[in-house]
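Throughout, protein chains are lettered first and strands after them, A, B, ... in sequence-line order, and every chain is numbered starting at 1.
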Amino acid sequence: MNLYQRSIRIIGGVFVVYALLVATHLGEFWPFSIYPMFSQAGNPWTRAVVREMPADMERVSSWDAVPFQDLPGAAYPLTPRGINTNDVANYVSKAETWTPQRQRGLRSLFTKSQDLDRPLLVMRVRGALNSDSVSVHATPVMLVTRDTLDLHPDLAPSTVATSDGS
Amino acid sequence: MQRIADTLSHELFAFDRPETRGHRWHVHLVELFLVVYAAWFCWDWGFYIQRNITEVLLPLGIAQYIDISFLFDHHLAVANAALVTLFGALGFFRVWRPAYAIVFALFHLQYTARYSLGEISHGSNLVGMGMLALALTVLFFSEESHRRRFTMGFLYFFIGLGYTSAAVCKLVATGITWPHGQHLLLWIAERKVDVLSKFGAFDPNLLQEMILANYHWGTAVLVFGLVAEGVSFLMWWRRYRYYIVMLVVSMHFGILFTMNIFFAASTYLLILLGLPWPIIINAAYEWAETGSASPSGKLRRAT
């Protein structure tokens, strides 16, 4: 077998393994992928923002959705705290049942290696096309304080978060 | 079929073509880039896992068969990054042939631990494929010149395949209307939320303002992106390779300017693969040795 034949056989072998793995694992088996990011255009999306609330806040007064420009509290930028926004978005969009383990998991993103100065309100943000514009609304999901956790009483499962990390 | 395989094999690997110093240095640089970036990813993820992650929300890859949460504590993910660095060095200096295969396996473990919370990140896939190429080339070839040719051919094949697959996914999932500019309005709004979430503020750039004011600009951008991805498989042919790879690079800059997403590792690797570095390196050698360089004269030999 010459070098060309050997090389093309190796490529062919990897290709077969690649195809089998992505076909049996919903298109993803790192580093093999069918690369479906941004393939479903026009669908509503779900992301997350975190807001810093007043220090004495222990309960959420209203769980109603608000327009994105009317977010309560102050911005809590995640990147300077070493938290990936996609991870927060995935929690709020993919968790269908908020088991105690899931609640602890989301809470640990903010508290595993640092203390909270003020309560944090985690909000689920949904965007959808409305004729020629995009409507964006945010719904409170969870209030995380130093010692307590206040969870939305009836949060329906959401669409899958879509952004692709780089 | 056999004929296609033969043609493709010659286009990708070119074992018969003369190898210049520029080629050798170029592949060394690609290899060094892959090893360093794999280690960097693993260190970055290792600290993130130790600092932030406590549970598996969505198991990916091998995590569907083993409980990957053992990497979440006791600094095991950081230790894994140290092992990747160690074995990467052993592979780079050809101390132990299976070293790159072990790097690839540990890299996979680290990815599945880092992305166990549901995000499916593609930012490291090309580096992962590169590590697989290095692992296979060291295991299956004994001569360094053959390893170099195989590594590059493998990369061009699977990178071209991956980007074309992305275009096919878009056409299958959405159809021919995928590049409609209103879709980009929706994604820019999504990215606005993400950037606000990350940094606390979002200022649209000039291109984003143009698209938000008139979505037809968005249609033009998306058509370009879809075409660039669709024709990516043409990088399998030597005559188109540099143009196609740089077309994909420009698509990545389009993603950066429209959606604030930068696939750094992929873009840097593509720049490393898509510019005629062997010609540039040869010209630099010639200039250093004789005081003058004639890059155009080297073009045919170098490519």
Side-chain angles (χ1 to χ4, degrees), chain A residues 3-8 10-11 14 18 25 28-31 33-42 45 47-50 68 75-79 82-91 94-95 101-102 104-105 108-109 112-113 125 127-129 132-134 136 161-166, chain B residues 5-6 8-10 12-13 15 48 51-52 54-55 57-58 60-61 64 108 111-112 117-125 128-129 132 136 140 146 150 153-154 157 162-163 165-166 169-170 172-174 178 180 182-183 185-187 189-190 193-194 196-201 261-264:
Chain A
L3 284 168
Y4 288 105
Q5 290 168 331
R6 191 195 314 174
S7 300
I8 211 72
I10 297 169
I11 291 269
V14 173
Y18 192 137
H25 293 82
E28 297 289 343
F29 199 97
W30 188 94
S33 173
I34 59 170
Y35 298 100
M37 62 278 201
F38 300 109
S39 60
Q40 294 186 328
W45 45 257
R47 305 299 295 159
V49 290
V50 181
F68 190 68
Y76 183 81
L78 296 174
T79 297
I83 301 166
N84 189 310
T85 189
N86 291 330
D87 291 334
V88 183
N90 279 304
Y91 261 105
K94 291 183 180 171
Q101 188 191 14
R102 294 267 158 107
R104 275 198 307 274
S108 76
L109 277 178
K112 187 178 177 187
S113 59
V125 184
L129 264 179
D132 274 2
S133 64
V134 181
V136 184
T162 55
S163 260
D164 185 275
S166 54
Chain B
D6 285 346
L8 189 59
S9 179
H10 279 78
L12 287 170
F13 303 111
F15 289 111
Y48 190 87
R51 197 171 56 232
N52 298 97
T54 55
E55 67 154 340
L57 197 63
L58 178 70
L60 293 173
Q64 292 167 72
H108 179 88
Y111 176 90
T112 58
L117 296 183
E119 178 195 359
I120 298 175
S121 167
H122 294 103
S124 59
N125 283 54
M129 288 304 293
L132 178 59
L136 293 172
F140 285 103
H146 298 159
F150 178 81
F154 183 101
F157 180 81
Y163 281 101
S165 166
C169 283
K170 292 173 175 69
V172 170
T174 302
W178 183 86
H180 195 293
Q182 284 188 336
H183 300 155
L185 291 183
L186 193 60
W187 283 321
E190 181 181 356
V193 172
D194 272 348
L196 271 167
S197 181
K198 284 179 177 176
F199 305 111
I261 298 175
F262 187 46
F263 290 85

For the side chain of A/H25 and the backbone of B/G61, is there at least one donor-acceptor N/O pair under 3.5 Å apart?
-> no
Mutual orientation of the aromatic rings belonging to A/W30 and B/H108 [parallel < 30°, tilted 30-60°, perpendicular > 60°] = tilted
If only atom types and distance count, is the side chain of A/W45 paired as donor or acceptor with the main-chain N or O of B/A189 below 3.5 Å?
-> no
Is any side-chain heavy atom of A/R6 less than 4.5 Å from a side-chain heavy atom of B/S9?
-> no
Region of A/I11 in contact with chain B, defined by heavy-atom distances below 4.5 Å | both
Got a donor-acceptor contact below 3.5 angstrom from the A/Y4 side chain to the B/F15 backbone?
-> yes
Could you tell me whether the side chain of B/L136 reaches within less than 4.5 Å of the side chain of A/V14, counting heavy atoms only?
-> yes
Where does A/A41 contact chain B at under 4.5 Å (heavy atoms): side chain, backbone, both or neither?
-> both
Structural part of B/H180 lying under 4.5 Å from a heavy atom of chain A = neither
Minimal non-hydrogen separation, A/Q40 against B/T174, with atom names = CA-OG1, 3.5 Å
Could you check which of B/F13, B/Y163, B/F140, B/F154 has the highest count of heavy-atom pairs closer than 4.5 Å to chain A?
-> B/F13
Any donor and acceptor pair, going by atom type alone, linking the side chain of A/T79 with main-chain N or O of B/F199 inside 3.5 Å?
-> no
Within a strict 4.5 Å, meaning less than it, do heavy atoms of the B/H122 and A/S33 side chains meet?
-> yes
Give, as side chain, backbone, both or neither, the part of A/F68 having an atom under 4.5 angstrom from any heavy atom of chain B.
-> side chain
Side chains of A/R104 and B/E55: closer than 4.5 Å at any heavy-atom pair?
-> no
Taking the side chain as every heavy atom from C-beta outward, state whether A/N86 and B/D194 have any pair of such atoms under 4.5 Å apart.
-> yes
With a 4.5 Å heavy-atom cut-off, do A/N84 and B/L117 have their side chains touching?
-> no
